[in-house]
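In what follows, a structure is listed as structure tokens, so that the remarks can point back to it.
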There are 2 protein chains.
Amino acid sequence: MPKAPKKSPSAPKFSRHTVEARREMLVDAGLACLARHGILGFTIDRICTEAKVSRGLITHHFQSIDGLLAAVYGAMYGKALVAIENPRVPLNATPEARLASIIDAMFSKEFFNRESLNIWLALWGEIANNPELLKEHRKQYARYRRGIERTLEAVALARGKKIDTALVAMMFVSLVDGLGLEWCIEPKLLSAREARQACFKLLEPILGPLQ
Amino acid sequence: MPKAPKKSPSAPKFSRHTVEARREMLVDAGLACLARHGILGFTIDRICTEAKVSRGLITHHFQSIDGLLAAVYGAMYGKALVAIENPRVPLNATPEARLASIIDAMFSKEFFNRESLNIWLALWGEIANNPELLKEHRKQYARYRRGIERTLEAVALARGKKIDTALVAMMFVSLVDGLGLEWCIEPKLLSAREARQACFKLLEPILGPLQ
DNA sequence: TACGTTATTATATGGTAGTTCAATAAGGAA
DNA sequence: TTCCTTATTGAACTACCATATAATAACGTA
């Protein structure tokens, strides 16, 4: 009995899943590869090994490796959009409380961690060079910006301040992404707390005290 | 006379250059590939084709493809550091004028263009995943931040303002990088002029009027 | 003009990339 | 239990990857 099989001979060699479930498993494996090795680690071989499936499955479920990459991008935004469109505050919360909740979420451990940020960095560098990814980006990013703009606009309105909403939103989004970039590359140069503080320091001169 | 050669038979098949000159040519070719196709386009084949040399030359001059990538990164910083450490203002210019000159340079066509920004994006995504690149980054980025910190500190000192220099510098650098990121991916969402304006809008509540 | 140094070429090598597709077998339905 | 659908496997294929190295030839020097 050389190389004893770990399971009984009658055990299935693999298990079948619904299309949706398997797609999610492959997306998760893709995220793991992106987090660990960046865009150069996003390969059929690596991802299938990570997901413990054979090489043919990605093409079967996503047509191509780029199809999976677009799905991975959508999954990243999916998580973030929940926090922005449904901040964890009471329904009757003030606009200020909604904004503060969004900022807190952005710099919480769930989003502000090296794995997630390394994924974002890897994706950002490819958007402009990958048509399929760009298409997905346009869809998701529009929603993201709209959510931020509405929140900022609501605060300004509640305080009777007139602001250039598009510009302030762009500044806020840019600062958040920029802080994530710096921290991902060299985490010791700032803390999540300082990054969060930086956002308030940007917005308070424009919107008034927020905390 | 089939397939007539374009040059006389006695013409050299290639020309020799000094090590320094050839290294620069390879770096330029690497930059072009990065600008056009991102990090996935940074390959021996592509770069050598771009530079019109044979495949062995990169290894000969840089040991490996990662060695060339680190040199490319250094070249990008080299250009930017000139503008920061030697802003185009008179020697006796005010700190405010020096700061304004740096900001103007950052959003000038020389730096704020899609090619350059696509290169930065490609590099940022790889720093955390490439030890050789990380080493080069640490060397260059420290100089960059120091230059920004000194300039901000000088303005604050001249105006008798007390600021958290490290935090303000981090905010400024993050905003600049973030704006470049957004603009590179979707240039129609803001102009270079608005990006420049955003920097002043961040700094003026902290340092007072700057323009 | 001939020589010597060495930058450069060109090929070989072993690995890994993404995609295709026929064969397989899991697991629900009958 | 048997059958059928189809998710999944796994090998084949072509293309491209980085690197090593021996042969070549450019060009300054003597």
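Per chain, numbering begins at 1; letters A, B, ... match sequence-line order.
Here C:dT19 is the nucleotide among C:dT19, C:dT8, C:dA17 with the atom lying nearest to any side-chain atom of A:Ser64. When the nucleotides C:dA12, D:dA7, C:dT19 are ranked by their closest atom to the side chain of A:Arg16, D:dA7 comes out on top.
Under the 4.5 Å side-chain criterion, counting only non-hydrogen atoms from C-beta, B:Leu69 is not in contact with B:Glu132.
Of the possible donor and acceptor atoms, none in the side chain of A:Trp124 sits under 3.5 Å from a partner among the backbone N and O of B:Gly125. Side chain of A:Glu194 to main chain of A:Ser191: a donor-acceptor pair is present (N/O by atom type, distance under 3.5 Å, no hydrogens or angles).
In this model, the phosphate group of C:dA10 is not approached by any side-chain N or O of B:Ser54 to a distance below 4.0 Å at OP1 or OP2.
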Review point. Hey, mind stepping through B:Arg145 and B:Glu149 against salt bridge (charged side-chain N to carboxylate O under 4.0 Å, His left out) and telling me if it holds?
Key: CA-CA 6 Å; B:Arg145 274 221 317 159; B:Glu149 284 179 357; 3.6 Å; yes
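At the heavy-atom level, A:Leu57 lies under 4.0 Å from base atoms of the strands shown. Heavy atoms of B:Thr43 sit under 4.0 angstrom from primed sugar atoms or phosphate atoms, though from no base atom. Using a 4.0 Å heavy-atom cutoff across all strands shown, A:Thr18 reaches no nucleic acid atom at all. If you check every strand for non-hydrogen atoms under 4.0 Å, A:His60 touches a base.
Look at CZ on A:Arg46: it is 7 Å from P on C:dA17, rounded to the nearest Å. Per the geometry, CZ belonging to A:Arg55 stands 11 Å off P belonging to D:dA11, to the nearest Å. Distance, B:Asp45 CG to C:dA17 C1': 13 Å, rounded to whole Å. Separating the CD1 atom of A:Ile47 from the C1' atom of C:dG18 is a distance of 11 Å, rounded to the nearest angstrom. If you measure from atom CD1 of A:Ile44 to atom P of D:dC13, you get 19 Å, rounded to the nearest angstrom. Across the protein-nucleic acid pair, B:Asp66 atom CG and D:dC17 atom P stand 15 Å apart, rounded to whole Å. Note: CZ (B:Phe14) to P (C:dA7) measures 11 Å, nearest angstrom. In this entry the distance linking CG of B:Leu40 with P of D:dC17 reads 11 Å, nearest Å.
Between B:Phe42 and A:Val53, it is A:Val53 whose nearest contact on DNA chain D lies nearer the 5' terminus.
Ring pair A:Tyr73/A:Tyr77 is perpendicular by interplanar angle, where above 60° counts as perpendicular and below 30° as parallel.
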